[in-house]
Amino acid sequence: MTNKEQIIHNYIEAYNKFDIDKMIADFDESIVFENIQNGEINMTLNGIKEFTSQAENAKEYFSARKQTITSFIQDEITAIIEIDYYAVLAIDFPNGLKAGQELNMKGRSVFQFSDDKIIKLTDMS
């Protein structure tokens with residue numbers, strides 16, 4: 001396993017455990033996070049403080065969540081993973097989703113690196 005692979009596995013494991021400190025352990029201070037749904041960017045976060053704040057808030061949305069890596073491709077600065085995503089909602093959402101409802105989705109995450117630090121993370125579903 002390469003160092004990038006280990007960093008990503010550490011991130012996914014921490015995400016699944018709701019462990020924000022471990023999620024950001026390999027982030028650059030100026031991390032850029034983007035979330036893309038249906039081809040449109042619906043969230044952009046700049047810097048580790050914004051990411052941490054959003055990640056802390058998101059913990060309240062789910063009673064369980066799990067990302068499972070199904071494929072992994074990398075080059076010198078980028079790693080792309082395909083994931084299966086499972087979650088159980090902890091709260092009701094304005095769009096009609098209800099607490100206790102299960103989500104099952106497929107997605108992709110693109111990690112960009114500089115000196116073994118994640119400088120950009122893009123989640124797509």
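If you're wondering where the values come from, they're calculated on a predicted model, not measured in any experiment.
A side-chain donor-acceptor contact under 3.5 Å links Gln101 to the backbone of Lys98. Of the possible polar contacts, none joining the Ser109 side chain to the Ile81 backbone as a donor-acceptor pair under 3.5 Å is found. With hydrogens and angles disregarded, no donor-acceptor distance shorter than 3.5 Å links the side chain of Glu13 to the backbone of His9. Without hydrogens or angle criteria, Ser53 side chain to Lys49 main chain gives no donor-acceptor distance under 3.5 Å. When atom types are taken as modelled, the side chain of Asn42 and the backbone of Gln37 share no donor-acceptor pair closer than 3.5 angstrom. At least one donor-acceptor pair under 3.5 Å links the side chain of Asp92 to the backbone N or O of Ala99.
Tyr15 approaches Met23 most closely through the heavy-atom pair N-CG, 3.6 Å. Contact record, Ile12 with Gln67: CD1-OE1, 3.0 Å, taken as the closest heavy-atom pair. Contact between Asn57 and Tyr61 at its shortest, heavy atoms only, is O-CE2, 3.6 Å.
With a 4.5 Å cut-off on side-chain heavy atoms, Thr122 and Ile36 count as touching.
In the hydrophobic clustering of ILVMFWY residues, with side-chain heavy atoms under 4.5 Å counting as a link, Ile48 and Phe111 come out together.
With a 6.0 Å radius and a threshold of 12 heavy atoms from other residues, nucleotides or ligands, Asn95 has its CG atom above the threshold. When the shell of 6.0 Å around NZ of Lys117 is examined, it contains more than 12 heavy atoms from other residues, nucleotides or ligands.
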Intermediate values then yes/no, side chain to side chain donor-acceptor pair (under 3.5 Å), Asp123 and Asn35: CA-CA 5 Å; Asp123 285 344; Asn35 191 72; over 6 Å; no

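Ring-centre distance between Phe62 and Phe18: not below the 6.0 Å cut-off.
Judged purely by distance below 3.5 Å, without hydrogens or angles, the side chains of Thr68 and Asp84 never pair a donor atom with an acceptor atom.
Going from atom CG of Asp75 over to atom OG1 of Thr78 covers 4.5 Å, rounded to the nearest 0.5 Å. The distance from the CD1 atom of Ile31 to the CZ atom of Phe27 is 4.5 Å, given to the nearest 0.5 Å.
Using cut-offs of 30° and 60° for the angle between ring planes, the Phe51 and Phe33 rings count as perpendicular.
We find that Lys120 and Glu34 are joined by a salt bridge, their nearest charged nitrogen and carboxylate oxygen being less than 4.0 Å apart.
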